[in-house]
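Contents: one structure, followed by commentary.
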Amino acid sequence: MRIFCSFWNGSRDPRDFLKLPHYYEGLLNGLRDAGNQVLYYCPPFWCAEYSSDAPQSLLDAIRAFDPELIILFNNLFYNFDFSKNFSCPTLVWEVDSPLYYTNKHILKNNPHMFYAVASSTSIDVVADMFGAERRQILHLPFFTSVQCEEKEKSINISFIGTRFTATDIVRNFLAKSPSQDDRKQFDKALAYVSVYPFGRKEDIKKCCGITSQTVLEAFDYEKACALLSSSRRTDTLGAIADLGLSLYGSPTWAELEHPARVALSYHDTRVYSIQHNQDIYNASKISLSVSHVQATSGFPWRVMDIMASSACLVSDYHSDFEKIFPKAPIPCFSSPFEAREICLRLLRNDNERNDIVAACNEHITDDFRVPHVIDTVGAFIGMRLAGKGGHIQAVAMPPIVQPQPPKKTSPLVQSQQTSKEVSSSSSSSSSSSSSSSSSVFFRLLKKNFRGKRRLKLIIFCILLAAAQVPLLSRFFSYSRRAWLLERITINTV
């Protein structure tokens, strides 16, 4: 089976664009081990709408691969309708929430898409938002590739995750010189979003009785969700930071000025592979999960990873816990203060903590491992996701155009040799798709060494390289880095 996948590589290693976050590493390994041929691409952007057309060289690579199944995680791709250009099924696989699906207008025009959603709430949201029938939507909880290991517990509390970017929604509102009543109505609208994150802007007027035109003009539903998610995560981490928090994830944690103890808990270590996550969780007494506000019923893949390790999971509450793990004694909190109290109790009580770990380990059965997930997806779309001679291929990021004689496979495709692992931490990998970012840049310069493109490309490459320097990285947000990668792409196709 030939399968094309597209997803956001938010954990991209600057030394190698093709290193993968552990979730996709585990899935692609599993697809390959089942005998599938996999081609994947990581777009240089993460956003709800992306109007740019796909580079022709990228489309040529996909057509040369001739996929039998297309999987778009969060529907992440350029402004391109696969259903009108390929006859094979397309599966939109949720990893965040429907709010963050890319190019929703394409989905609304394609009622025959398949969907796999991690949250039971998303079933209704996808049906209402995109007109999909229930039979086209699969409830597919996350899986894990993490294994439990007994290691020295050198970390009291660990958290691996992104620092959600707080938006400018409040600043823009205050710039309108709102009255005291306007401020109260804005606060009321935020409270509504915290309970109903999948609503629409018109809902705050209808359901909250918002009458202020200043509020209605300044309010943005998705930005409000981002703001609330950022506050929830930062406040919770701030409440337990002095208990021995070790924080891993996006470098922007180091830029956080308040509370300072959260920034001081940050470890500037790249964490993305299965081995990276497994090592940290197994070295932790407690591992925390704090979700974004849209995760009302479902929960992030972090929960499965912690439950499979020797760390004790402490999480915010999700109603799907009771459906998927009805007997798992997961300690849940509803406020930063409660999170602190739970962590204090568990740090003092080794026996209780170990009992919770053992119970959670028992719940991570084969149903939450990659082979079962692959079988479930195959049965859902009516295809057997298996074959012979499985391997993984990657479309280079950024795309590289090389003038070569026509071949059966696109020169964009870099083939990975069949192996048991695509692990990002393996220094002995024989994969021919792995190449350092510096070698990528040199090839880009070599192929674009004339005219204005040369100067532009050099400038963009220098800026992107500067973004990896710890002292300078604070000036380069994820969106800015994605923009630089996009500029490099435009100047090489």
Side-chain angles (χ1 to χ4, degrees), residues 8 10 45-52 74-76 78-79 94 96-109 119 121-122 124-131 162-236 250 252 255-258 290-296 474-483 486:
W8 167 242
F45 53 86
W46 186 89
C47 58
E49 298 297 326
Y50 196 77
S51 59
S52 295
N74 281 357
N75 199 45
L76 186 66
Y78 296 86
N79 187 24
E94 175 185 294
D96 286 293
S97 91
L99 287 180
Y100 298 119
Y101 288 4
T102 304
N103 293 329
K104 299 182 184 69
H105 66 280
I106 293 178
L107 299 179
K108 292 176 181 178
N109 294 327
S119 167
T121 302
S122 293
D124 290 334
V125 175
V126 167
D128 294 341
M129 190 176 290
F130 307 120
T162 305
R163 177 194 167 195
F164 294 133
T165 303
T167 65
D168 55 3
I169 181 174
V170 174
R171 184 170 64 250
N172 291 344
F173 171 66
L174 294 176
K176 295 179 177 292
S177 300
S179 66
Q180 191 61 33
D181 183 64
D182 291 335
R183 294 167 189 255
K184 289 181 179 179
Q185 291 194 41
F186 191 89
D187 186 61
K188 186 178 180 181
L190 285 177
Y192 179 83
V193 174
S194 68
V195 179
Y196 303 101
F198 295 105
R200 299 176 176 85
K201 187 173 182 177
E202 51 266 28
D203 293 341
I204 66 169
K205 181 178 180 180
K206 179 180 179 181
C207 302
C208 296
I210 303 298
T211 57
S212 167
Q213 194 62 31
T214 302
V215 174
L216 294 173
E217 290 176 359
F219 202 83
D220 183 290
Y221 220 96
E222 289 188 13
K223 288 185 177 181
C225 286
L227 173 66
L228 294 168
S229 297
S230 177
S231 299
R232 173 192 287 186
R233 180 164 289 185
T234 302
D235 292 347
T236 303
S250 53
T252 51
E255 303 170 13
L256 189 67
E257 296 182 358
H258 179 77
V290 189
S291 309
H292 51 67
V293 295
Q294 299 94 301
T296 51
R474 69 182 62 186
F475 301 109
F476 295 87
S477 64
Y478 279 120
S479 59
R480 187 168 297 175
R481 296 181 198 188
W483 182 86
E486 181 189 349

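In terms of modelled atom types and a separation under 3.5 Å, the side chain of Lys201 and the main chain of Leu216 share a donor-acceptor contact. Here the side chain of Asn79 pairs no donor or acceptor atom with the backbone of Asn103 at under 3.5 angstrom. No donor-acceptor pair closer than 3.5 Å links the side chain of Thr162 to the backbone N or O of Ser250. A donor-acceptor pair is defined here as one N or O able to donate and one able to accept, closer than 3.5 Å; no such pair exists between the side chain of Thr214 and the backbone of Asp182. A donor-acceptor pair under 3.5 Å is formed between the side chain of Asn75 and the backbone N or O of Thr102. Between the side chain of Gln185 and the main chain of Val215, no donor-acceptor pair closer than 3.5 Å is present.
From Tyr192, atom OH reaches atom OH of Tyr221 across 5.0 Å, with rounding to the nearest 0.5 Å. Taking CD from Glu217 and CZ from Phe173, the interatomic distance works out to 11.0 Å, rounded to the nearest 0.5 Å. To the nearest 0.5 Å, atoms NZ (Lys176) and OG (Ser212) are separated by 10.0 Å. The CD1 atom of Ile210 sits 5.5 Å away from the NZ atom of Lys188 when rounded to the nearest 0.5 Å. The line from CZ of Arg163 to OG of Ser229 is 13.5 Å long, rounded to the nearest 0.5 Å. Distance CG/Asp96 to CG/Asn74: 4.5 Å, rounded to 0.5 Å.
The aromatic rings of Phe186 and Phe219 sit perpendicular to each other, their planes meeting at more than 60°, with 30° as the lower class boundary.
In this structure, the side chains of Tyr101 and Met129 stay at 4.5 Å or more apart for every pair of heavy atoms. Taking 4.5 Å as the limit, every side-chain heavy atom of Leu190 sits out of range of all side-chain heavy atoms of Ser194.
We find that Lys223 and Asp168 are joined by a salt bridge, their nearest charged nitrogen and carboxylate oxygen being less than 4.0 Å apart. With respect to Glu222 and Lys104, a salt bridge is recorded, a charged nitrogen being found less than 4.0 Å from a carboxylate O.
Annotation for Pro197 and Cys225: closest pair O-SG, 3.5 Å, computed over non-hydrogen atoms. Closest heavy-atom contact between Ala189 and Ile204: CB-CD1, 4.2 Å.
Exactly one residue among Leu228, Thr234, Leu227 makes a side-chain contact (heavy atoms from CB on, under 4.5 Å) with Ser230. That residue is Thr234.
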